[in-house]
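Lettering of chains follows the sequences in order, A, B, ..., and the numbering in each one begins at 1. Given the structure is predicted, the values throughout are model-derived calculations rather than measurements.
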Amino acid sequence: MLGFLKQPVVVTAEINMNLVALTVMGLVNRLWALSYPRAVVFDEVYYGQFVSLYMKRIFFVDDSGPPFGHMLLAFGGYLGGFDGNFLWNRIGAEYSMNVPVWSLRLLPALTGALCVPLAYQILVELHFSHCAAFGAALLILFENSLITQSRLMLLESVLIFFILLAILSYLKFYNLQKCSPFTAGWWFWLLLTGVACSCAVGVKYMGLFTYMLLLAIAGGHSWHLIGDQTLSNVSVLCHLLARGLALVVVPVAMYLSFFYVHLTVLYRSGPHDQIMTSAFQASLEGGLARITQGQPLEVAYGSQITLRNVLGKPVPCWLHSHKNTYPIRQQLVVSNPPRPVRHGHIVQLVHGITTRYLNTHDVAAPLSPHSQEISCYIDYNISMPAQNLWRVEIVNRESDTDVWKTILSEVRFVHVNTSAVLKLSGASLPEWGYRQLEIIGEKLSKGHHQSMLWNVEEHRYGKSQEQKEREVELHSPTQADISKNLSFMARFTELQWKILTLKNEDTEHKYSSSPLDWITMDTNIAYWFHPISGAQIHLIGNILTWASANVATLVYVCLFLWYLLRRRRKICDIPEDAWRLWVSAGGLCVGGWAVNYLPFFMMEKTLFLYHYLPALTFQILLIPVVLQHLTDHLCRSQLPKNMFSALMVAWFSSIYLVYRTFSPLTYGEPTLSAAELRSLRWKDSWDILIRKH
Amino acid sequence: MVQGERCILGKQLPVHLSFLFFSWDETHFGKMGSYYINRTFFFDVHPPLGKMLIGLAGYLSGYNGTFPFQKPGDRYGHHNYIGMRGFCAFLGSCLVPFAYLIVLELSKSLSAALLAASILIFDTGCITLSQYILLDPILMFFLMGAVLSMVKYNSCAVRPFSAPWWFWLSLTGVNLAGAIGVKFVGLFVVLLVGLNTVYDLWELLGDLSLSLVTLGKHLLARVFCLILLPLVLYTAQFAVHFAVLNKSGPGDGFFSSAFQSRLIGNNLHNVSVPEHLAYGSVITMKNLRMAGGYLHSHWHLYPEGVGARQQQVTAYLHKDLNNLWVIKKHDSNTDHLDPSCSVEFVRHGDVIRLEHKETSRNLHSHQHEAPMTRKHFQVTGYGINGTGDANDFWRIEVVGRKSGKRIKVLRSQIRLTHLATGCILGSSGKTLPKWGWEQVEVTCTPYVKETPNALWNVEDHINPKLPNISLDVLKPSFPEILLESHMVMIRGNSGLKPKENEVTSKPWHWPINYQGLRFSGVNETDYRVYLLGNPVVWWLNLVTIGLYLLMATCTIVAIKRGAQLTVEFKELSEVLLHSGGKIMLGWLLHYLPFFMMGRVLYFHHYFPAMLFSSMLTGITWDTLLKFCAGCLSCSMGKRVYTYGMLALMLLIVYSFYLFHPLSYGMVGPMASDPNSPMAGLRWLESWEF
């Protein structure tokens with residue numbers, strides 16, 4: 001029974017001191033004097049406002065990416081006890097005492113530091129020597145641009161961390177695949193791959209590139225698995241299903257959960273409300289919900305309503321008529337008792353204040369001459385009769401007898417006489433129209449477009465015929481409450497769609513650059529500048545590392561093509577194992593570089609140097625791969641090997657020297673004199689701020 | 001040739017112009033054909049071959065290029081347009097035999113080839129598109145020609161370097177040059193042929209029985225026929241284009257001043273001006289961006305609320321007296337044209353003042369935001385008779401020159417830096433509202449970037465004290481004009497952006513035949529033609545793509561799992577994977593890139609992809625039926641195969657009978673009216689015939 005007690009309980013721990021040392025060095029190098037400078041640095045001004053909104057639980061839409069990254073930053077603020085009260089309006093502004101700078105910057109710095117041991121571990125899992133792995137980690141450690149980016153409240157280092165984690169766990173999983181599939185460790189690494197991928201995508205959409213690369217690699221490996229005829233059909237199927245679950249289903253579920261948390265945490269209405277549809281706004285606390293609460297659901301003849309265009313572009317807008325302030329209520333012709341309006345009914349719209357009917361006729365609209373003018377009919381003379389009947393078409397109806405519902409129904413107004421459709425043209429009227437947007441009657445309805453759809457936002461209904469009583473009734477909230485709870489999926493799809501389609505006006509930026517500038521680092525970004533002492537922080541890389549990485553990529557591609565062509569002619573320069581290693585490591589590093597870099601050539605948004613950092617990380621990992629291959633296979637005898645090692649030592653020391661030289665620009669201290677700064681301007685295109693005295 | 005005859009018969013009816021929406025219409029390409037006949041220079045976003053061929057066809061058939069092609073619906077009257085239409089229709093009808101031959105070569109099955117060909121014969125969309133003066137039939141002709149010759153030379157591979165091999169290989173090159181010469185979409189077929197060639201060479205490389213010398217020959221032959229030959233032909237097209245169009249015309253403004261000096265009738269042709277800029281010279285400055293306009297000012301002020309209320313400065317596309325500026329020294333107001341003064345040249349790095357000749361106000365900038373581009377500074381005209389303030393000083397610099405050098409007319413690219421704020425004079429390309437007479441905005445940009453927006457050149461130059469030189473020495477060489485016309489075309493293409501709130505055609509609409517294009521006629525009484533694919537054919541194509549993917553996946557997995565196939569099935573899978581794969585690749589290459597394009601897209605962009613899709617349908621159904629037949633007993637199998645093929649053919653013919661009025665024209669009430677004969681055929685609400 002108690003046989004196990006006969007043996008002593010022994011715990012043997014194996015600690016790789018390399019890893020420990022690298023982690024400690026990474027932490028020191030990334031976390032040192034983290035809360036300096038106590039001022040808003042570069043894009044902190046952008047992410048900071050979202051952190052504040054999270055703290056205040058106010059809803060926002062950020063078109064730059066999904067919410068997980070913002071959430072992580074906000075979590076740092078939450079741990080530091082940040083109350084969200086800081087005005088993020090200017091780069092360089094001093095933080096007030098209530099902002100926990102250290103804890104806000106902690107998470108990016110931690111993830112940045114952990115990239116160092118991750119790089120080590122990845123090369124080990126790729127079956128490279130510990131020496132090469134150590135080299136890779138050191139290169140990441142002394143890369144100035146990565147340090148700058150991870151010491152501030154920015155998201156790139158978090159993104160890179162998750163990317164590397166996904167790569168590492170896939171490699172671990174793949175190495176376990178050969179000996180022990182379906183064990184606990186196998187499942188753990190497989191699932192971790194999926195989770196890390198979804199986190200990477202959740203931080204920035206750039207993560208998608210690496211996710212696609214991993215999917216492609218996993219697809220290739222699965223294809224070999226299918227060809228493996230020692231496995232039964234059933235076990236092949238199990239393998240494929242497990243991969244599908246972990247690499248597709250889990251990431252999608254995780255991604256949805258980010259949005260779930262996002263929408264649950266942010267329940268108050270805020271500055272970006274107007275971008276969203278009325279139904280979405282009504283689901284937030286405050287804002288529109290306060291107005292629409294308790295209003296009747298079904299629009300009836302005699303209702304007073306405001307009509308909002310479903311397309312929120314270029315700005316959200318409501319149907320409006322002049323001589324008054326917004327919003328103007330459109331009132332349907334009264335009947336008593338309330339008779340609901342259904343799909344296909346014909347209505348007249350009366351402008352609430354001026355009591356004029358919404359009218360259109362065959363007269364060209366002011367800015368869109370191919371369409372009809374919309375006006376409120378004034379009975380000046382008889383020659384042009386009123387044409388003010390509109391047919392209500394509910395577009396998202398379930399049946400043809402559906403009732404027109406407040407907020408929920410999307411409605412098209414078709415003019416009875418001319419069959420023109422009420423539409424927002426998108427052009428804004430000149431001075432006489434107070435620069436408001438133009439409304440037209442589109443004659444030939446070419447397909448469906450959101451600019452033709454309208455929904456009721458505010459809605460009042462008064463029963464009484466007496467003017468005075470009606471007014472009292474109209475201003476007091478009425479009977480039935482509308483069901484305002486949108487399902488999570490509906491809210492998610494809307495928010496996701498808005499994030500993807502929302503376009504900022506083209507922003508020109510002083511430090512924006514083109515992808516071609518990145519390879520050779522012809523550009524830098526000045527992040528912060530102390531107005532008095534002149535201390536400054538720049539995003540500027542270790543130029544030696546960048547150059548070496550480019551050389552390594554070039555060498556890799558040339559050697560790869562050379563081997564490939566020779567192998568096709570059945571001439572093998574290197575053993576089969578070495579070739580497979582060369583292909584897998586190169587495929588990962590060069591592939592990772594390419595997928596994270598090349599797509600930027602097709603993007604039209606404003607690009608910055610920091611977009612290159614994920615690609616750079618992959619490129620750096622390639623350097624030791626190429627170096628080890630050169631020593632192993634091209635230096636045959638002892639003498640060149642020794643010379644090569646000596647060269648390596650010299651090269652590493654110069655990388656360290658460059659890192660030390662530029663560290664004042666990385667950490668923002670010590671302050672340099674103008675002459676020292678000038679001597680740091682190694683390239684003419686670098687923009688280092690030198691004060692004129 | 002059946003289709004060709006029918007096209008020509010059908011064309012007797014609509015004698016007025018047919019039209020597509022916007023500018024992609026017969027008016028457009030017909031007009032360009034006329035330009036070739038009249039030798040007038042014009043600008044278009046497509047390379048010239050297609051329009052040149054249309055012009056040639058018109059010329060040969062006796063059209064004299066005088067029809068104005070002004071607005072759609074005009075009657076041709078006595079003008080001889082049949083030659084141009086007949087030419088396009090002929091090329092369009094060649095697609096059918098091409099498809100037949102390609103599928104026959106790939107699948108070695110007569111019925112597959114017949115099926116593919118009949119799809120193209122009976123597709124209303126293909127018929128409509130090839131009936132009018134458009135670029136698409138010409139493009140599709142070259143495209144299919146390239147695929148056909150590629151397939152042919154692949155099957156000649158057993159006898160390399162034989163006469164047919166050389167013939168088909170070089171024919172591929174010729175067709176490739178034709179395809180890109182008509183539209184840049186032809187690049188996709190170049191990609192297809194390129195990938196096929198790489199695969200081909202890879203196979204040859206793995207064949208150890210071939211020596212390296214033979215391999216080198218193979219490589220060189222392909223480089224010569226598929227890269228050099230098309231390049232030479234493509235360049236030759238442009239040489240002809242520039243040689244033919246030597247008169248000034250509507251396209252001049254899109255090109256640089258140096259380019260314009262080539263054209264007879266342009267005011268820069270054969271003129272002589274002083275070569276170097278001097279103080280006191282009267283000049284016009286042209287912005288270097290495409291259609292950038294001249295620096296311009298006039299008496300009108302910026303309205304209230306738009307920056308400072310000073311005189312407007314804009315960029316104006318037309319030549320006018322208000323484009324003239326006088327170069328003055330920044331610190332003195334002497335009249336340099338006074339004969340007692342000696343000539344002083346303006347040099348790189350000098351600080352100057354530009355005085356507007358008509359209003360004698362100085363070019364001025366200050367830290368007010370510009371009217372449209374809020375991040376830039378406003379540029380105004382300021383001061384009276386040349387006395388202004390320090391904000392009127394600009395440093396003049398030439399790109400890529402050292403300081404102290406003189407500034408050349410036309411050739412020097414000039415940058416004007418505002419001395420006080422450090423910003424650079426540029427044109428943002430945005431159109432000003434009514435108050436600015438819808439001219440183009442001029443701003444001073446604080447972002448120091450080398451873009452053509454911020455660069456200018458001097459075009460007119462008047463200085464009586466300097467000797468004039470002929471501008472002929474400045475005439476650009478052929479490589480330069482070739483490069484410039486490509487830059488202008490590329491920029492023009494990317495400038496075709498859809499407007500917000502406009503209903504545009506989306507790539508996902510196309511394969512499902514969601515919406516057509518109205519070619520001609522709007523009202524009930526009009527004779528109407530509507531470009532819409534035969535829905536039965538298109539939906540069959542769509543289903544087939546899914547079917548093909550399913551079949552290919554099943555086959556490839558079965559082979560990978562080591563399934564034992566009979567000889568017959570092995571052949572079938574070979575056809576399915578290799579031949580079908582090639583066609584599938586063609587479809588993908590001609591369809592997917594449209595999802596990434598930012599420009600305005602139209603339904604007819606899908607037709608090249610549709611050709612591939614139709615051929616795929618032929619191959620897939622043939623393979624499927626053969627496979628089914630192979631599984632059943634011999635006689636039963638044969639019957640299934642024959643009846644299956646017959647059923648498909650009958651379906652296609654019957655649907656064509658239903659929908660043929662779409663392309664041959666309809667008169668009468670619109671289909672949305674229940675009384676119309678076409679009302680029952682309006683299967684999707686989005687069709688508007």
Check this for me: [X], atom [atom1], are more than 12 non-hydrogen atoms of other residues, nucleotides or ligands nearer than 6.0 Å?
X	atom1	value
A:W562	CH2	no
A:K683	NZ	yes
B:W508	CH2	yes

_Option that, when pairs with chain B are counted at under 4.5 Å, heavy atom only, ranks first among A:R568, A:M602, A:Q229_ = A:R568
_Restricting to non-hydrogen atoms, name the atom on A:R569 and the atom on B:L210 that form the minimum distance, rounded to 0.1 Å._
NH2-O, 2.6 Å
_Is A:N233 in contact with chain B via its backbone, its side chain, both, or neither, using a 4.5 Å heavy-atom distance?_
both
*Measure distances from A:L225 to the heavy atoms of chain B and classify the residue's part below 4.5 Å as side chain, backbone, both or neither.*
backbone
*Identify which part of B:I556 has an atom lying under 4.5 Å from any heavy atom of chain A, answering side chain, backbone, both or neither.*
both
*In Å, rounded to the nearest 0.5 Å, how long is the span from CZ of B:R561 to CG of A:D228?*
7.5 Å
